[in-house]
Every structure is written in C-alpha cells, then in structure tokens.
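Just so you know, these numbers use all the heavy atoms, side chains as well, and skip hydrogens, waters and symmetry mates. Order of the sequence lines sets the chain letters (A, B, ...), proteins ahead of strands, with each chain counted from 1.
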Amino acid sequence: MSIQLNVNGQDETIDSATDTPLLYVLRNDLRLNGAKFGCGLGQCGACTVIADDQPIFSCVTPIMMLEGRKIRTLESLGTEEHPGPLQQAFIDEQAAQCGYCIPGMMMRAQALLERNPKATEAEIRVALEPNLCRCGTHMRIIRAVLRAVDAMAGA
Amino acid sequence: MSPEAMQKDAHLTGNSGRSPAVGGPRRTRKRRWSLLIIVVVVALGAVAYFALVYKPAIAPLPEGQVPTFGVALVAKGSSLASIGDCASCHTTATGAPLAGGLPVPTPFGTIYSSNITPDRETGIGTWTEAAFARALQEGVNAAGHYLYPAFPFDHFTHVTADDAIALYAYLMTRDPVKFTPPANQLGFPYNIRTIMAGWDLLFLKKGVIAADPNQNAEWNRGRYLVEGLGHCGSCHTPRNSLGAEDTGDEYAGGPVIDGWYVYAINDTSPAPFKWDADGLAGYLRTGFSAQHGASFGPMAQVTARLGEASDADVHAMGVYVASLMARSNAPAPPPLPAQPILTSGDSLAPPMVVDVSAGRGATIYAAVCSSCHESGRLPPFGGIDFHDSTAVHADDPQNIIDMVLFGLPAGEGRTFATMPGFAGTLSQDDMVALLTYLRTTFAPGKPAWSSAASLVASTMSGATPVKLYSEDGVQRGPSPVNPPGANP
C-alpha cells in the first residue's frame, strides 16, 4: 500500500504499511538522517520534525496521519556549506556536545520562531521543554536560539 | 448659585412648605402615625442589621507585635494547609507563594484571590488569631467585610478552633509579600458584599460537624477533613443558581473546571472498578492510580499538596471518600499482573494485533497508542490499560481529549506517568475516530460520546481553555493549539 508524503517540498510515494512511524520512513526510505531515534516513545524529542507549522514526534506519528501535510526535517534548514540562520546560531554558540538531540531541538525551535519571531528566553524554555539533552548543553541551546532570534530579526 | 439652581431650589422649598398648610389636624395625626411607623421600621431594621448583618472590624495587631509560634504548631499548620490546598488558589502561576491574585471565574463575575502572606499592608499581617478564625468560620474578614464563597468558608466553618490556630501559625510564619491583587470584577448587586449575609443565612451551616458514633475514628477524621478543610465538595458537588453547593446532589461531579470534567466521587463514580481506601489514599498522595488514572488538571494541584500532608490524615480521607463511593455492584479491580521474569531477547509483551479493517480509530490506536498502552510495562512506566481508565468510562470525554491533545507533562525529579501530546499530529476527524474506538473497545456497554466532535473542536480551537499541570502541581501549559492544517 502506498502513501503520498510531501517532505521538504518534494512529493514522495512511500511504499510502506500505513502505520509505519514517519521517522522510519525518513531515515530508511528517504535517507534523511537528521531526525534521530531516541526513545521511540515520544518522550525525548530527538525525532522532532515539523508538520505544517507544528513540531511533532516523528517516532510516534504513523505516516497515514500525514497525507496532505507539509513535512519539514532538519535538512530543510540549510546545508553544510550554507547553514540556515538557526543552524549558524547553534554553530556559533557551539551548542552541541554529543549532538544527538540537536536536530530535534532545532526543529522545535524553528517552529517556535516561525510562530513567534520575538520569542523571549522564558518562551524558549517553555517551548523546548519536551526535548531532552543528556549532555547538559541546555544553556548553550537557549543562547543559540536567542542568537537566532536576533539573526533572523536583522536579516 | 446659578439662576436655574435658584429656581429649582425655590420650587423644592415650595413643595416642602405646602403640606402643613393644606392638611388639617386629622391629616397631621395620620402623618404622625406614619412617621412613628417609619421610625419603628427603621429602628427594627437597624436592630436586625446590627444583629444579623453588621460585623465589626477586629482591631489589628499593633505594629511591631509579631506573633511567634512553636515549631510543632507550625508543622501541624503546614500539613493542614496542604490538605486545605490554600496555595493553589492563593498563588498565581508566576506570583509569589500565597500572595494571591488568581482569577476565579464564577457565573457572577471574576473574583481574585487575596494575599494571605503576613504582609501588614497587602496581606493578613495585621490579622489577629480571632480575625483569622472568623474568616474561616463565618466568611467575614478582619475589616468586617463579607467574603464571597469562592473562598470556601462554607467548608472551612467546620474546622476546629485548634486547627484554625495551627493554620494561622503556619500562614503568619510565611514570607510576607507586598502585593495587591486586582479588584474583583462583579456586576451589581454582587459587588455589594453585604448581600452575602443573605447567602450565609440560606447556605452557611456553621460549626464543627458532630462525630458519627456508628463510624470508627478514622472515618470520622476523614469526614472532618473532606467536608471541612479539604473542601472536596467545592469542585465535586454541583452548584445551584445562587452558587451554593447542591445539598441534594453531593459529590455528583459536574461541569468542567479549567478545561477538565469533574468526576463524581459518590456512588455514581464513573470508575469501572471500585475504589478502596488504600487505593484512594495512594492516589491522593501521588496523583496516580495504576487502576484508574492520573490527575493532570486542577486535581494535580490537590494531589501534589496532599503528598506533603500527614499520611494518617490522607488515609483517613481515603476511608471516608471510599465510603461515599461505595457501590454494591461495582467489581473490585483485578490485581496488577506480576512482573514477568525475562531473559535476554524476550519481548515484554506479545506483538500487538489490531484488525486494521476495524477502521481508522483502531489503526490510530495500534500505530500511536499501543507502543506504551500495550507495552506490558507496568504503569506508570507503561500506559494505563484503558479497560481500567476512569476517563474512558466517564459520561463526558473532555478529560481523555485533553490528555490525548496535550499529553501528560513530566514534573521535576519524580517518577511518574508522562505522555507526549498529539495536538500537532491528530486532525479533528482522527481524534473523533480514536475516541470512538477507545469508548467502544474499552468501555463496552457505555453509551457513545455524542458530544465528542464538538468538544474536540472547542478544545482544539482554544474555545475551551485547558490548564495543564504536571504531577508536582506546577502549571505547564498547554501552549496554544492550532488545528492541524490551519494557519494561525
């Protein structure tokens, strides 16, 4: 059974069971390895991607619920040669230690900044609460998102 | 004086001067009688006012006289304040503890909770013990003003004088905070505090409730706490048109508070399995029962505080509430399964088999919910078995809608049930399909939720605002929800 998905602006025909989690399709079928498998239970946020304007846990979202919606992954934010403003802010603040949580952090932050381009530190803390970092770079992550707020406002 | 004013004045003088000239002696006598009657009525009214309505101000504690209390008394007051849950209403999400300012919506307008820190200017720092006790027991503040029953003095009136002193000791030893809460927003006539005298006459049953000799001491202690300081009925008993608890319908549950449906806690409780005293005591202390569910609405504040109260008191409350819920026909909950002993490579649970042809709701359940709720892990590490869930068995689906959309946020530093929210994932149609599947599969025989579609829509649009708390009683959301696909 096949399902049509729109990922990072491209229409894709996915030949998988309808209850397959989006994360598996992204990583295994589409070779988009930005989103990470962390807990598989929607509790750590490493798998976060954006559907339309909402951050979602791709590990607990079956593809059948995403037909007709625009999915964006970390790869949509920029490239290694040309990182997007949020990615550049994370690089500038050296916000990653092991880096495993960072794609999810960035996608949730991206959704926040699209909804609220002037997000304050308090709003960033609340918005990023569902995403966990075991290394403890939270302070740098918050600084990076604040830096992105400034960068995007200046752009 | 302006010419117009003088004219007006002259006109009035003319009027008042006319009567004696026109009326004869008979008229004058009649007039004297009516005057006398008026005087008598006014006098009687004054007597009634002073006897029934007027409450004198109680002299403030003199400046510089800071009352001191023994540690044991303050500790007792602390436990009682946890049972009374003072902090939930007298603290805002961002404000200092007990400094007040929380808006309490009522059908009569919005009432803001008062500052009950010992600040002399804006709190209760000038209140004497007697003034504090009068507020609890009569609903009248130190200045002699009537209080509105958003402050549940209709329950606190049952608190003993000794416990009132302990509560006073606890509050007067908190940090004073200078903060003036916003003024109440009440329309006429509700903005006149004196009308509460009439309300009190009708609905305030003052005094400590006598012990029931047919019940044991623990039950009586439980009733004392539940009916008094615990003020469970304030939320769990429906209110009449005058905002008083409906005495014919005690603990019948009722409307939605802060976006959460209030369950009945009498013999009409929707819980599929009988609550017992131990189960209730555990739930009240932790906010979680593996065989019923978890509290994430305003009840999470209650259970978070009860976690800090005395064990014996919370157990007594469990004993009493279990007796309220007693039903002869309710089954006892099945024992939790024994922890399986696994060897490496064993799967914890048999693979989930869901008939996808059963419809979209079944498919969503299998794909989204089952990885936790059918995991074989014991709650709270796995999801609750929905056969046991009170939310799925209740007449109103509001609470299960809230949990699916917003999830169960984690509190800090405790092991507890958590769940991701699916507001960004599920469409309204998917939500309704899932709810229908849950209801028909796990609560067979219960009527369908006819209100599901409209409640899903109003919750997702924000028309029904939902306050979400983690199990530590801290408000954690939800963030605004936009229906998937809709651009804000």
Query raised in the report: Do A/Pro62 and B/Val368 have side-chain heavy atoms sitting under 4.5 Å apart?
Result: yes
Requested in this report: Drop me the distance from B/Asp429's CG to A/Met65's CE, to the nearest 0.5 angstrom.
Outcome: 12.5 Å
Report task. State the OG-CD distance between B/Ser470 and A/Glu129, to the nearest 0.5 angstrom. Result -> 7.5 Å
Query raised in the report: If you round to the nearest 0.5 Å, how far is OG1 of B/Thr425 from CG of A/Leu22?
Result: 10.0 Å
Query raised in the report: Would you say B/Met419 and A/Gln43 make side-chain contact, with heavy atoms under 4.5 Å?
Result: no
Requested in this report: Please indicate whether A/Glu80 has more than 12 foreign heavy atoms, meaning atoms of other residues, nucleotides or ligands, lying under 6.0 Å from its CD.
Outcome: no
Report summary line: SG of B/Cys372 to CG of A/Leu41, rounded to nearest 0.5 Å, is 4.5 Å
Query raised in the report: Is any side-chain heavy atom of B/Phe422 closer than 4.5 Å to a side-chain heavy atom of A/Val60?
Result: yes
Requested in this report: Count the heavy atoms of every other residue, nucleotide or ligand shown that sit under 6.0 Å from CG of A/Asn116, and state whether that count exceeds 12.
Outcome: yes
